[in-house]
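Heads up, the thing below is written out as structure tokens.
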Amino acid sequence: MTEGTTSAAEGGDTLTRLEQEGEIAADYLEGLLDIADLDGDIDMDVEADRASVSIISDSSSRDLQKLVGRDGEVLEALQELTRLAVHRETGDRSRLMLDIAGFRAKKRSELAQLGAQAADEVKTSGKPVKLDPMTPFERKVVHDAVAAAGLRSESEGEEPQRFVVVLPA
């Protein structure tokens, strides 16, 4: 086998594994929705080398807000529980991302804007900008936005007070 063939096979294996993670997560979340007596549809995808599962609803997303919680705290906990359910079935650590009622998608957009604004401020002032503490997901989105603006950033501090510092070029 050539190197290219091996890589293609590995890529197919990775996609299959991520799709399997999504299916396991969807089954777990469907059970959770049934127990909580909540309506929601589950959408599965693979994005950036990780399984992505979303719970969406045609009816009032107010019901699903219970699963998001204040500032996404319940969503973060459900994501960890879902990852554990996947780990229990597969034996592999999961990096699955969970979104409920579009909360994470909206947050991603807001954080990308925050990162771009911080980068503009650093370009103008020439001085580093420290942002408020964030979750790992939030920091990743900001780091990506800062990189897209042509600057670099670092995370500093200890959880749960870890934050992003945007640095001059």
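Bear in mind the structure is a predicted one, so any value in this text is a computation, not a measurement.
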Linking I/L/V/M/F/W/Y whenever any side-chain heavy atoms sit under 4.5 Å apart, do [X] and [Y] land together?
X: V68; Y: V141; result: no
X: L33; Y: M97; result: no
X: V165; Y: L151; result: no
X: V164; Y: V129; result: yes

*asked:* In the structure I gave you, are the side-chain heavy atoms of M44 and E23 within less than 4.5 Å of one another anywhere?
replied: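 They are in side-chain contact.
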_Between L84 and R88, is there a side-chain heavy-atom distance shorter than 4.5 Å?_
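No, side chains not in contact.
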_Within the 3.5 Å criterion, strictly below it, is a donor on H143 or S153 matched to an acceptor on the partner's side chain?_
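Their side chains do contain a donor-acceptor pair, which is all the 3.5 Å distance test asks for.
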Main-chain N/O of [Y] paired to [X] side chain as donor or acceptor, under 3.5 Å:
X: R139; Y: M134; value: yes
X: D99; Y: R104; value: yes
X: K66; Y: L38; value: no

*In Å, rounded to the nearest 0.5 Å, how long is the span from CD of E76 to CZ of F137?*
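Reported to 0.5 Å precision, the distance equals 8.0 Å.
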_Distance check, rounded to the nearest 0.5 Å: E30 atom CD versus D34 atom CG?_
7.5 Å
Would you indicate whether [X], at its atom [atom1], is surrounded by more than 12 heavy atoms from other residues, nucleotides or ligands within a distance under 6.0 Å?
X: D49; atom1: CG; result: no
X: K130; atom1: NZ; result: no
X: E159; atom1: CD; result: yes
X: D39; atom1: CG; result: no

*Taking salt bridge (Lys or Arg N to Asp or Glu O under 4.0 Å) as the test, write out the residues that go with R83, two or more places apart.*
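Per chain and number, R83 pairs via salt bridge (Lys or Arg N to Asp or Glu O under 4.0 Å) with E80.
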*For R162, enumerate each residue passing the salt bridge (Lys or Arg N to Asp or Glu O under 4.0 Å) test, keeping only those at least two apart in sequence or located in another chain.*
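Listed in chain order: nothing, the list is empty.
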*Could you go through the side-chain contact (heavy atoms from CB on, under 4.5 Å) check for L78 and L67 one step at a time?*
CA-CA 8 Å; L78 288 173; L67 298 179; 3.8 Å; yes
*asked:* Does L15 form a side-chain contact (heavy atoms from CB on, under 4.5 Å) with E19? I'd like the steps, not just the answer.
replied: CA-CA 6 Å; L15 181 61; E19 288 171 345; 3.7 Å; yes
*Are D13 and R17 close enough for a salt bridge, meaning some N to O gap below 4.0 Å?*
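A salt bridge is absent here (no side-chain N lies under 4.0 Å from a carboxylate O).
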*Could you go step by step and tell me if L64 and F103 meet the side-chain contact (heavy atoms from CB on, under 4.5 Å) rule?*
CA-CA 10 Å; L64 290 182; F103 176 84; over 6 Å; no
